**Student:** 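Here you go, one structure.
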Amino acid sequence: MSTEEKSAAPRSLAEALRVRDDVSLAALLRSRPDLITPVPTDLTQLATRAGTRASVVRALERLDRFALQTAEALAVAPDPASYGELLGLMAGDEEDPAVAAALPRAAALLREQALVWGADDRLRLVRTARELLAPSPQHPSPTGLGPTVREATAGMSPGRIQEILAAVGLPSTHDSVSAVSALGALFADRRRMAALLAGLPAESREVLDRLVWGPPYGQVTHDPAAHLRALLDRGLLLPTAPGTVVLPREVALHLRAGRAHRAPEPVPPPVEAAATHRPQVVDATAAGQALAALATVDELLKEWDEGGPSVLRAGGLSVRDLKRTAVALDVPEPVAAFWVELAYGAGLIASDGEADERYAATPAYDEWRELPPAERWARLAGTWLTATRTPGVVGGRDAKDRTLSALGPNLDRSAAPEVRHRVLALLAGLPEGASPVAESVLARLRWERPLRGPQQQRETGTGAARDDDLRSRIARWTLSEAELLGVTGRGALAAPARALIGAPEPPRPATADDTGEPEGPGDKLPVHHHRTPPVTAPPSPAERAAATATAARLLAPLFPEPLDHVLLQADLTAVAPGPLEQELADVLGVLADIESKGGATVYRFTPGSVRRALDAGQSAADLHAFLARHSRTPVPQPLTYLIDDVARRHGRLRVGAASAYVRCDDDATLDEILADKRAAGLGLRRLAPTVLAAQADPAALLEGLRAIGFAPAAESAAGDVLIARADSHRTPPRAAPEPVPDGPPAPDDTLLTAAIRAVRAGDLASTTPRKPGPAGEDGGGEGGAPGGTLPRTGAAETLATMQAAVLTGEALWIGYVNAEGAASQRVIAPIRVEGGFVTAYDHTADEVRTYPLHRVTGVAELADDAG
């Protein structure tokens with residue numbers, strides 16, 4: 001490298017950032033959004049922030065497997081290292097072509113994210129990343145390598161080092177530094193090292209083979225065996241503590257044929273297709289699941305219409321209430337937790353905020369039910385896709401060993417939206433109609449985001465396959481939840497869900513399946529490779545709304561037309577052969593109980609269900625007319641008798657508030673009640689021939705009389721029958737829970753443009769050379785270099801310099817303190833000075849601004865070669 005090239009090479013990360021163009025800076029800020037919150041004042045502050053521990057850890061955790069392996073190799077390489085040295089560590093002496101082909105992308109990614117800087121002949125890993133990834137006795141390297149010879153011999157006596165030199169056949173030296181250098185050069189020389197190892201006994205080679213891939217530390221006794229003594233004498237094992245030895249890094253690299261990693265993974269594992277189906281079958285299956293999902297959510301909300309389970313003191317549902325909900329929905333408890341959380345995330349249920357706090361439907365539920373079915377589904381699917389609340393963790397334990405309950409706190413997992421979206425994107429990349437092998441999806445996700453952070457990976461080593469990490473569990477839950485919700489059909493992504501995530505048109509499989517029958521799991525199907533997903537800004541609300549509308553539009557034709565009729569049976573049941581119109585389903589849901597669900601829903605009429613319809617304000621004539629109008633079969637005589645019998649008794653008794661009373665025109669009925677021993681607990685006494693007073697409240701009185709076989713109706717203070725509607729209890733308006741973000745959101749293009757312009761301008765203000773003042777100082781550092789202090793000049797000198805700059809058109813460097821007391825430095829070109837204000841073009845803000853002169857701390861002229 002020439003002297004000019006050396007002088008042009010960046011000496012720090014800040015200088016490396018300074019020579020980047022705006023596109024490169026935008027890529028950095030987009031991939032590491034924490035660097036832009038708040039916007040740095042200049043590039044030096046940006047570089048400092050990019051090197052902080054929290055930011056570097058976050059950046060390393062978001063690298064793919066191969067990029068992280070590249071960073072780990074740089075951490076054990078010389079500092080700085082050339083690209084050739086890095087290639088040797090990654091590809092080995094055999095120069096693996098796949099690794100050599102993938103390494104430029106990984107190196108460019110690390111450089112783009114400011115984890116690596118410098119030219120190809122002087123690559124430097126940022127200091128914090130090196131500290132995190134470099135090997136140490138307390139934190140072994142993920143590569144399994146140990147310390148270098150120089151590091152391992154730091155505390156060794158000079159005499160012992162000379163003994164090692166003699167044992168390996170090297171001449172003695174006058175100092176330890178040259179001796180260690182000679183030993184390291186020997187271990188790094190492939191030819192001489194092979195000759196040295198060839199003279200060792202087989203037992204010694206076995207010891208090295210056990211340590212070569214890590215961990216590099218071993219235990220020895222105070223009197224080691226001969227084969228261990230041979231290694232210690234030659235420095236192939238070096239003592240680090242009493243009874244502990246380590247394999248030097250240079251020796252391990254020779255035994256590994258130069259590779260830093262046992263198994264580099266330059267190419268992401270493919271997502272394999274398990275089976276394929278006709279797209280029409282997939283979409284039809286998903287549409288059926290979507291209809292079932294709407295029915296399940298609707299059934300859940302109807303269960304809680306009049307007030308659902310109580311809210312636990314710590315928040316959430318009790319285990320008993322979750323079990324009851326699962327029984328009511330006829331699903332397992334984890335599935336019930338999913339539906340409850342989905343309705344809660346969509347804002348359809350919430351706590352009512354009363355003293356006896358309970359869960360209930362919200363006003364948004366009524367609005368949701370008025371939407372077309374496809375739009376209702378799209379809203380649920382969009383909520384599921386972006387929610388951070390994760391139903392799969394319900395029943396687990398939190399950090400304080402407390403059980404995590406449905407609708408309770410601590411269910412947010414910020415990684416959930418990203419994992420869900422990525423899983424669906426991987427499914428979208430498969431041939432149309434193909435369902436994936438679940439394990440291949442998990443393997444792909446583990447490659448794109450290694451299992452745990454770099455600091456934690458030291459415990460297991462890079463590439464360790466664990467299936468219990470959070471991302472893998474979320475991915476498994478995503479696959480099952482997508483099938484429940486109708487996002488997938490038979491495991492393959494449906495067309496409406498493809499639109500929901502904004503996926504492109506699917507690739508066609510290489511071979512068409514004309515029969516439409518799924519291929520067996522043993523059949524060889526196409527595999528699909530993906531590139532690492534780019535970091536993009538999250539979709540705007542308008543984009544999400546457009547995607548939701550498109551998904552609803554694609555799903556609507558797949559739904560069957562709602563029916564306006566049922567089939568009445570003589571056994572007091574009605575069969576709905578398909579989905580019913582909303583009004584018909586609502587009335588029938590009050591008049592009858594659902595007995596079974598599926599392709600056809602079976603309703604059963606009972607005295608209690610008929611009384612429920614009468615309580616809702618219907619008369620017997622209304623019910624007869626309704627059934628005759630909506631039944632394709634004649635109304636069975638038993639059903640007619642049931643309705644008439646319940647209606648004949650319904651309302652003959654009236655219950656009101658006295659505390660409570662019962663009135664009836666037939667005094668014989670009241671005599672019957674008073675004579676019934678089961679009514680003794682109600683505290684009844686006769687006030688008049690047609691009126692009984694009770695000590696129980698009206699609700700308890702109603703339930704008590706119904707329990708002993710009567711059918712009373714509640715009435716108001718005016719004597720009118722009270723209509724008990726199913727949707728009578730609603731919470732006040734509630735906002736749906738907001739997702740908990742995983743760090744700062746990715747900035748959009750507008751913010752990036754403004755931030756880069758501000759950083760560039762601030763950097764100009766902080767780095768532009770200034771002319772020295774009369775005393776040889778410029779107020780900003782020695783020799784006119786930018787410093788951390790603001791320029792200081794008197795008011796008269798400031799005014800005079802400003803006025804002179806107006807005439808000459810020169811730019812000035814000023815210190816400025818705003819109304820909040822925040823100090824900053826700026827480069828301005830004064831245009832006008834009058835009335836105690838200076839109007840100037842502010843290079844820092846890239847606009848014309850006016851500043852009060854009394855807030856200017858001082859002014860300095862820029863050097864002639866400032867440009």
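Remember, predicted model here, so these are calculated numbers, not experimental data.
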**Student:** Test D93 against every option in R259, R191, R256, R190 by the salt bridge (charged side-chain N to carboxylate O under 4.0 Å, His left out) rule and name the one that passes.
**Tutor:**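 Passing option: R190.
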
**Student:** Yes or no on side-chain hydrogen bond (donor to acceptor under 3.5 Å, both in side chains) for D34 and T37, after CA distance, side-chain angles and deciding distance?
**Tutor:** CA-CA 5 Å; D34 57 298; T37 310; over 6 Å; no

**Student:** Can you measure from CZ (R49) to CD1 (I36) and round to the nearest 0.5 angstrom?
**Tutor:** 9.5 Å

**Student:** Can you check whether V56 reaches E131 side chain to side chain, under 4.5 Å on heavy atoms?
**Tutor:** no

**Student:** Less than 3.5 Å apart, any donor N or O on the side chain of D469 or S472 sitting next to an acceptor on the other?
**Tutor:** yes

**Student:** Is there a side chain to side chain contact (heavy atoms under 4.5 Å, CB included) between Y83 and L103? Walk through the geometry before answering.
**Tutor:** CA-CA 10 Å; Y83 183 83; L103 188 58; 3.6 Å; yes

**Student:** Calculate, to the nearest 0.5 Å, the distance between atoms CG and CZ belonging to L13 and R18 respectively.
**Tutor:**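 CZ of R18 is found 10.0 Å from CG of L13.
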
**Student:** So, the side chain of T390 versus the backbone of G392: is there a donor-acceptor pair under 3.5 Å, distance only?
**Tutor:**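 Checked: no pair found.
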
**Student:** Give me the atom names and distance for the closest heavy-atom approach of V246 to P147.
**Tutor:** CG2-CD, 3.5 Å

**Student:** Would you say the side chain of L43 lies within less than 4.5 Å of the side chain of R760, judging by non-hydrogen atoms?
**Tutor:**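 SC-SC contact between R760 and L43 confirmed.
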
**Student:** Is it the case that more than 12 heavy atoms not belonging to R111 sit under 6.0 Å from its CZ atom?
**Tutor:**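 Enclosed: over 12 neighbouring heavy atoms sit under 6.0 Å from CZ of R111.
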
**Student:** Is there a donor-acceptor pair closer than 3.5 Å between any side-chain N or O of S440 and the backbone N or O of E272?
**Tutor:** yes

**Student:** Could you tell me whether the side chain of P33 reaches within less than 4.5 Å of the side chain of P747, counting heavy atoms only?
**Tutor:** yes

**Student:** Looking at every non-hydrogen atom in both residues, tell me the closest pair between G491 and P436 and how far apart they are.
**Tutor:** O-CD, 3.3 Å

**Student:** Quick test of your reading: applying salt bridge (charged side-chain N to carboxylate O under 4.0 Å, His left out), list the pairs with at least one residue in residues 240-254, sequence neighbours left out, ordered by first then second residue.
**Tutor:**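 Matches after skipping sequence neighbours: E151-R249.
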
**Student:** With a 4.5 Å cut-off on side-chain heavy atoms, are R160 and T153 touching?
**Tutor:** no

**Student:** Examine distances only and state if a side-chain atom of S204 and a backbone atom of H227 form a donor-acceptor pair shorter than 3.5 Å.
**Tutor:**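 The answer is yes, because a donor-acceptor pair under 3.5 Å joins these two groups.
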
**Student:** Test R65 against every option in E448, E265, E72 by the salt bridge (charged side-chain N to carboxylate O under 4.0 Å, His left out) rule and name the one that passes.
**Tutor:**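 Running salt bridge (charged side-chain N to carboxylate O under 4.0 Å, His left out) over E448, E265, E72 with R65 returns exactly one hit, E265.
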
**Student:** Before giving the answer on salt bridge (Lys or Arg N to Asp or Glu O under 4.0 Å), spell out for D64 and R105 the whole-Å C-alpha distance, their side-chain angles and the decisive distance to 0.1 Å.
**Tutor:** CA-CA 11 Å; D64 61 60; R105 179 201 67 86; 3.2 Å; yes

**Student:** Can you check whether S82's main-chain N or O pairs, donor with acceptor, with E85's side chain at less than 3.5 Å?
**Tutor:**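 Indeed, once roles are kept as given, a pair shorter than 3.5 Å links the two residues.
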
**Student:** Which heavy atom of A263 sits nearest a heavy atom of Q69, and at what distance?
**Tutor:**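 That would be O-NE2, 3.4 Å.
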
**Student:** Using side chain to side chain contact (heavy atoms under 4.5 Å, CB included), reason through D79 and L74 one step at a time and then give a plain yes or no.
**Tutor:** CA-CA 8 Å; D79 187 27; L74 277 172; over 6 Å; no

**Student:** Do the side chain of T128 and the main chain of G51 share a donor and acceptor less than 3.5 angstrom apart?
**Tutor:** yes

**Student:** Grab the two heavy atoms, one from L68 and one from P450, that are nearest each other, plus how far apart they are.
**Tutor:** CD2-CG, 3.8 Å

**Student:** Which heavy atom of A230 sits nearest to which heavy atom of L200, and what is that distance?
**Tutor:** CB-CD2, 4.4 Å

**Student:** How far apart are the C-alpha atoms of H254 and L197, what are their side-chain angles, what is the distance that settles it, and do they pass the side chain to side chain contact (heavy atoms under 4.5 Å, CB included) test?
**Tutor:** CA-CA 10 Å; H254 174 83; L197 294 175; 3.5 Å; yes

**Student:** Quick one: OG1 on T44 to CD on E15, what's the gap to the nearest 0.5 Å?
**Tutor:**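 Going from the OG1 atom of T44 to the CD atom of E15 covers 9.0 Å.
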
**Student:** Less than 4.0 angstrom from a charged side-chain N to a carboxylate O is my criterion; do D748 and R30 meet it?
**Tutor:** no

**Student:** If you measure from CG on L231 to CG on L247, what distance do you get to the nearest 0.5 Å?
**Tutor:**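 If we round to the nearest 0.5 Å, L231:CG and L247:CG are 9.0 Å apart.
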
**Student:** Given 3.5 Å as the limit, does a donor-acceptor pair link the side chain of T753 with the main chain of D749, or not?
**Tutor:** yes

**Student:** Between atom OG1 of T240 and atom CE of M156, what is the distance when rounded to the nearest 0.5 Å?
**Tutor:** 9.5 Å

**Student:** Short question: side chain of R122, backbone of G118 - any donor-acceptor pair under 3.5 Å?
**Tutor:**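 Such a contact is absent between R122 side chain and G118 backbone.
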
**Student:** So do L427 and L479 actually touch side chain to side chain, heavy atoms under 4.5 Å?
**Tutor:**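 They are in contact (side-chain heavy atoms under 4.5 Å apart), so the answer is yes.
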
**Student:** Using modelled atom types and a 3.5 Å cut-off, is there a donor and acceptor pairing between side-chain atoms of S31 and backbone atoms of L28?
**Tutor:** yes

**Student:** Is there a donor-acceptor pair closer than 3.5 Å between any side-chain N or O of R210 and the backbone N or O of R205?
**Tutor:**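 A pair under 3.5 Å: no.
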
**Student:** Would you call P417 and L385 a side-chain contact if the rule is heavy atoms closer than 4.5 Å?
**Tutor:** no

**Student:** Is a side-chain N or O of R420 found less than 3.5 angstrom from the main chain of T386, in a donor-acceptor match?
**Tutor:** no

**Student:** Using a strict 4.0 Å threshold on nitrogen-to-oxygen distance, state whether R32 and E112 make a salt bridge.
**Tutor:**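 The answer is no: the pair does not qualify as a salt bridge.
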
**Student:** R449 and R62: side chain to side chain contact (heavy atoms under 4.5 Å, CB included), yes or no, with the steps?
**Tutor:** CA-CA 6 Å; R449 293 286 186 270; R62 300 187 71 83; 3.6 Å; yes

**Student:** So do the side chains of I164 and D233 get within less than 4.5 Å of each other, counting heavy atoms only?
**Tutor:**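 Contact flag for I164/D233 side chains = no.
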
**Student:** Distance check, rounded to the nearest 0.5 Å: L493 atom CG versus L430 atom CG?
**Tutor:** 9.0 Å

**Student:** So, do L236 and P248 sit near enough that their side-chain heavy atoms are less than 4.5 Å apart?
**Tutor:** no

**Student:** If every non-hydrogen atom of V437 is compared with every non-hydrogen atom of A274, which pair is closest and at what distance?
**Tutor:** CG2-CB, 3.7 Å

